[in-house]
Amino acid sequence: MSQAADTTVVQADNAGDVPPYRYTAAMANEIEARWQDFWAENGTFHAPNPTGPLADPGHPRFGAEKLYVMDMFPYPSGSGLHVGHPLGYIGTDSYTRYKRMTGYNVLHPMGFDAFGLPAEQYAVQTGTHPRTTTEANVERYRAQLRRLGLAYDDRRSFSTTDPAFYRWTQWIFLQIFNSWYDPQARTARPIADLIAQFEAGTRQAPGGRPWAELTEVERRTLIDDHRLAYVAEAPVNWCPGLGTALADAEVTAEGRSERGNFPVFRRNLRQWMMRITAYGDRLLEDLDKLDWPDKVKTMQRNWIGRSVGAHVDFPFSGGDIRVFTTRPDTLFGATYMVLAPEHTAVDGIVPDAWPEGTRPAWTGGHATPAEAVADYRRFAAAKSDVERQADAKEKTGVFTGAYATNPVNGAQIPIFIADYVLAGYGTGAIMAVPAQDERDFEFAEVFDLPIVRTVQPPADFDGKAYTGEGPAINSADPESGLSLDGLGVADAKAKIIEWLEENGHGTGAVTYRLRDWLFSRQRYWGEPFPIVYDETGLPVALPESMLPVELPEVDDFSPRTFDPDDADTDPETPLSRVQEWVEVTLDLGDGPKKYWRETNTMPQWAGSSWYELRYLDPKNDKALVDPDNERYWMGPRDANDVGGVDLYVGGVEHAVLHLLYARFWHKVLFDLGYISSAEPFRQLFNQGYIQAYAYTDARGVYVPAEEVVETDGRYFWNDQEVRREYGKMGKSLKNVVTPDEMCEVYGADTFRVYEMSMGPLDVSRPWETRAVVGAQRFLQRAWRLVVDEQTGATRVVDDPTDAETRRLLHRVIAGVREDMDAMRFNTAIAKLIELTNRATTVSAVGASREVVEPLVLMMSPFAPHVAEELWHRLGHDETVAYVPFPQADPALLVAASVTYPVQVNGKVRGRIEVPADAPEEIVREAALAEVAGQLADKEPRKVIVVPGRMVSIVV
RNA sequence: GCGGGAGUGGCGGAAUGGCAGACGCGCCAGACUUAGGAUCUGGUGUCUUCGGACGUAGGGGUUCAAGUCCCCUCUCCCGCACCA
């Protein structure tokens, strides 16, 4: 047998003798367009605000309990949506439609993350302005989403590229720029407070010079160094061949650009940074208060990477080398030191010649330390990240020729450089304690370095490095009297830190893996910074009145490119070439002066870092959001609540960056008093992905998936066998199925029901076009309950339904409510199908209104168009959107009689039917009588009656 | 390597410790049909001597009762990956 394989789109309707009023795709399309118009014309899904232009005291939900549900907004790509994209949108749409019917004032908006690279690249290639491309793509997305019947409040939609939107992105940047973080108060504060502290002398400038003696430039530099947004030299992936810095993700493992395959150089460039590290602790702590998947919380915790330990200074002939360690308690076991090859101190410590008695194995075979170091640095720099990982087990390094002093016991310990120490973490230098650290142990084995245990391992410990708990040993210095011996790890840490601090050798310290956020890009299609530079070269914030700083028109959207191998080049941004825009004369308080605009633009993350706030008050041109509106939609519910969006749905791929940046900005705005919620997203839900099969021929070339035919478990395309693989849906894989095709062939409601019924929302699953027909059959049966397929007449009857169907109805109502509240849409739909099938079988002439009306209402979150149509045909004039969701009659949830399975020794041996209210004794007797034959002469040892469930007899 | 999650029919998936496989696809049979890739009805875990036996990755345990709880093993997926 042959059948069309999974992604084949077949024509579901047949031209033949289809009854004229059947619920076909054509019928669905007509109904859907009509109700979409109705909703748009009537503003059905407008959500009223407490105040401002979107307030509406006449709205049925004005002042009702609120629910704010948000989807991660899409980047409107040129290829449009495929069937996987709207999965989450349909989920939140179904959920919010349900919640609206249960009385909530629901806010469910949608916007577009419209700045981004693809439009710019397209612009570079074709000369089409990115705005043109972006707007066309947004329009296409809007049309696709509208066709799915998604109930957004269209007044609240925006693109991050709208000047009216990015005006506020720039405004937030100014707030951040004009703030500093006060670690004592654990809050962001206006930069004016800091200036006041310096002026008053309550805060000292570094070096102790009085504020009054500092020059204007010195003052500004000092202040700028405290700002939450600041300019700094930062290492970036500089790609001269492309003329731009690249994100890590855009660089291949071989250290070349993904696009163009040009060399990429790690280089320090002046960049805008965001001081997100100041918020490390709070970003970490507040995770505990969020209703987020543990997986995402764990990823953020790892990303922040907080470690507690100490900074310790190791003196050498030319000064100190500072290390960070989480195990200061093992200081007596530090038998050597390692610096990262790139560590800036290396050059200063290398002596002219190898010290007396240097082991040959330590020199790498070089005549002088300088040669050995230079050679090892070349070796380390040449390694790609992938090679580094692969080589992680084999430790390499070289002796620098220098020794440092272990401050606790005065021991002279050799200093190595090795690539297992990373320049970017901690201080880029470590004290090596081979007895208590696996990596150090491996290195010590290779270079034959001493290993001194300072924690007593258990008697049965046969390993190498011991990283567990135990009493300190070998940790005393008779000269200074310092001894940790006998102390547990925690106590030893506390004692040694105290000693280090008292003796000036170090201090307790906390470090983070989290780095400050590189915030500038050498691109055109992004938000311009609201920053100019004056003659000093220092940045000056533009006043709020000059916002938005709009993107100027340019002739060429691409940055200047260079010789791909010339690392010593500097980026030239597209905006820097618009001289008449860059050079401006402004009056910023000192009279008209010449200034130069910042020509970098913001990264794509900027708009998405705060958009949840703008939906609340999108028309407000006085503030980014009115406090009353923010408090109503996002404010904390009680003293322990951090507030935020009630439900945020999106893919787990944004687990770290987007969600961390958004939390950071939100906290700054919270600290500065603009909003009442301390977190942007109270609850996070990661939807699964819709995946698809793709097929390759013998050459490994993808063939159109929809033309592949399955025969007996093998796959063929044009009679040649092809290989099946499973993964993403994508143009290049030739396996894309679009929602538009689904709407055309089945209708939007069928598509929605199918996507919601195919499994729990958080589980990824394969797309199977073949299976969509199941959802269509369900809707057709439901339709047939109301509409006569031959005449189009409404055939529902007013007689009450039978008792059994009624009980089913109420069980379904109760079950669907439970499922909807828990977002178990697949099981809710299963129950609706069951009810529909039951109603179909018991209603030869016409289904009872008693059953059909609640069914239609319960269907409406999933299949809103056909539900509206049926509701209308049932004689109602209003939209179903605000009709109360059916409620179960508790009296009907208990059956009149109960069938108990009777188990004997765990096996079902019979069934009894007893009245639901039968006392346990009656159930027991009936059960024993039922299985009397099985029991024969054996005496039951135990009889367990689980009320309403079953009887279990043990013999 | 470390951390987390998951393994249930041919497929997607259901099952507060209480009758495993709801619901859907597919498949089989029937009805209506010139026709069926439409629709409707019924059936569909495996084996079976037709009594029943077996069955939730594999093995062990707790329990009257285990897909569910505990221990071990295997496989797959995800995250992190020399973070001091």
Side-chain angles (χ1 to χ4, degrees), chain A residues 1 3-4 6 8 10-19 22 24 293-296 298-299 301-303 305-307 309 323-327 330 338 340 385 388-389 391-393 395 418-422 424-433 436-440 442-443 511-513 652 655-656 710 713 753-754 757-760 763-778 780-781 784 789 815 824 826-834 837 840-841 899-908 911 940-944 946 948-955:
Chain A
M1 116 230 86
Q3 64 199 20
D6 317 288
T8 307
V10 295
Q11 190 61 33
D13 298 335
N14 227 14
D17 56 347
V18 175
R22 171 160 294 170
T24 59
D294 286 337
K295 178 191 168 91
V296 176
T298 304
M299 285 166 74
R301 284 193 191 104
N302 291 342
W303 187 263
R306 182 179 196 267
S307 3
V323 304
F324 175 73
T325 176
T326 57
R327 293 295 302 274
T330 64
V338 184
D385 287 351
R388 251 193 195 210
Q389 279 172 35
D391 299 344
K393 269 164 252 146
K395 293 284 178 288
D419 66 355
Y420 85 95
V421 172
L422 308 176
Y425 185 77
T427 61
I430 62 159
M431 62 178 216
V433 187
Q436 274 86 226
D437 184 286
E438 283 164 25
R439 298 151 300 181
D440 296 344
E442 287 167 9
F443 190 85
T511 62
Y512 298 88
R513 207 186 75 109
V652 73
V656 178
E710 180 191 347
V753 169
Y754 172 64
S757 68
M758 60 200 287
V763 173
S764 295
R765 73 264 354 223
W767 177 259
E768 195 182 6
T769 298
R770 259 193 328 189
V772 178
V773 70
Q776 188 180 40
R777 286 179 191 148
F778 160 51
Q780 277 174 338
R781 278 198 289 275
R784 206 176 295 121
E789 289 192 327
R824 291 190 301 255
N826 54 327
T827 51
I829 290 172
K831 291 178 175 78
L832 295 176
I833 293 174
E834 242 179 300
N837 291 349
T840 299
T841 41
T899 303
Y900 282 83
V902 182
Q903 289 185 351
V904 178
N905 287 344
K907 300 261 185 265
V908 178
R911 284 168 209 289
R941 275 201 294 128
K942 203 168 175 185
V943 179
I944 298 149
V946 187
R949 283 290 184 181
M950 66 171 347
V951 182
S952 187
I953 298 167
V954 192
V955 295

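Here is how names work: the chains are called A, B, and so on, in the same order as the sequence lines, proteins then strands, and each is numbered from 1.
Looking at heavy-atom distances under 4.0 Å, A/D440 makes no contact with the nucleic acid at all. Across all strands shown, A/E834 has heavy atoms under 4.0 Å from sugar-phosphate atoms exclusively, and none from any base.
Listed pair A/N302 / B/C2 fails the phosphate criterion, with no side-chain N or O lying under 4.0 Å from OP1 or OP2. Contact annotation: A/R949 side-chain N/O to B/G17 OP1/OP2 distance is not under 4.0 Å. Put simply, A/S307 has a side-chain N or O that comes within less than 4.0 Å of OP1 or OP2 on B/A84. Not one side-chain nitrogen or oxygen of A/R770 sits closer than 4.0 Å to the OP1 or OP2 atom of B/G37. OP1 or OP2 of B/G5 has not a single side-chain nitrogen or oxygen of A/K295 nearer than 4.0 Å. Phosphate contact (OP1/OP2 of B/U39, side-chain N/O of A/Q780, threshold under 4.0 Å): present. Contact annotation: A/R777 side-chain N/O to B/C25 OP1/OP2 distance is under 4.0 Å. Between A/R765 and B/G24, a side-chain N or O to OP1/OP2 separation shorter than 4.0 Å is absent.
If you measure from atom CD of A/E438 to atom P of B/A81, you get 18 Å, rounded to the nearest angstrom. If you measure from atom CG of A/D437 to atom C1' of B/G1, you get 14 Å, rounded to the nearest angstrom. The CD1 atom of A/I944 sits 12 Å away from the P atom of B/A66 (whole-angstrom rounding). Going from atom NZ of A/K831 over to atom C1' of B/G13 covers 13 Å, rounded to whole Å. Here B/A22 presents its C1' atom at 13 Å from CZ of A/R824, a figure rounded to the nearest Å.
Looking at heavy atoms from C-beta onward, A/F778 lies out of side-chain contact with A/Y754 at the 4.5 angstrom threshold.
Taking atom P in both B/G7 and B/C69, the straight-line distance is 10 Å, to the nearest Å. Nucleotides B/A66 and B/C71 are separated by 15 Å at their C1' atoms, to the nearest Å. Rounded to whole Å, the separation between the C1' atoms of B/G12 and B/G60 comes to 32 Å. For the P atoms, the distance linking B/G24 with B/A15 amounts to 16 Å, nearest Å. One P atom belongs to B/G17, the other to B/G67, and the distance between them is 13 Å to the nearest Å. Straight-line distance between the C1' atoms of B/U8 and B/A14: roughly 10 Å, to the nearest whole Å. Only the C1' atoms considered, B/U44 is 13 Å distant from B/C25, to the nearest whole Å. Taking the P atom of each, B/C28 and B/G37 are spaced 11 Å apart, rounded to whole Å.
Here B/G13 is the nucleotide among B/C25, B/A81, B/G13 with the atom lying nearest to any side-chain atom of A/N826. When the nucleotides B/C40, B/C23, B/A14 are ranked by their closest atom to the side chain of A/N837, B/C23 comes out on top. Listed nucleotides B/A84, B/C82, B/G24 differ in distance to A/T325; the shortest reach to its side chain belongs to B/A84. For A/V421, the side-chain atoms get nearest to B/A84 when compared with the rest of B/C80, B/A84, B/C82. Relative to the side chain of A/R22, the nucleotides B/A15, B/U39, B/C19 differ in distance, and B/U39 lies closest. Checked against B/C64, B/U41, B/C19, the side chain of A/K942 finds its nearest nucleotide in B/C64.
In this structure, B/G67 forms no base pair with any nucleotide, since neither Watson-Crick nor G-U wobble geometry is met with both distances under 3.5 Å. Base-pair partner of B/U39: B/A31 (Watson-Crick or G-U wobble, both distances under 3.5 Å).
Glycosidic conformation, B/G9: syn, with the torsion inside 90° of 0. B/G10 shows a glycosidic angle more than 90° from 0 and is accordingly assigned anti.
Nearest-nucleotide mapping onto RNA chain B: of A/Y754 and A/T326, the residue sitting toward the 5' end is A/Y754.
Put simply, the side chain of A/K395 and the base of B/C82 share a donor and an acceptor less than 3.5 Å apart. In terms of polar N and O atoms assigned as donor or acceptor, the side chain of A/R911 comes within less than 3.5 Å of the base of B/C19 in a complementary pairing.
Without hydrogens or angle criteria, A/R781 side chain to A/N837 main chain gives no donor-acceptor distance under 3.5 Å.
In this structure, A/K395 fails the cation-pi test against A/F443, since its NZ or CZ atom is not both closer than 6.0 Å to the six-membered ring centre and inside 45 degrees of the ring normal.
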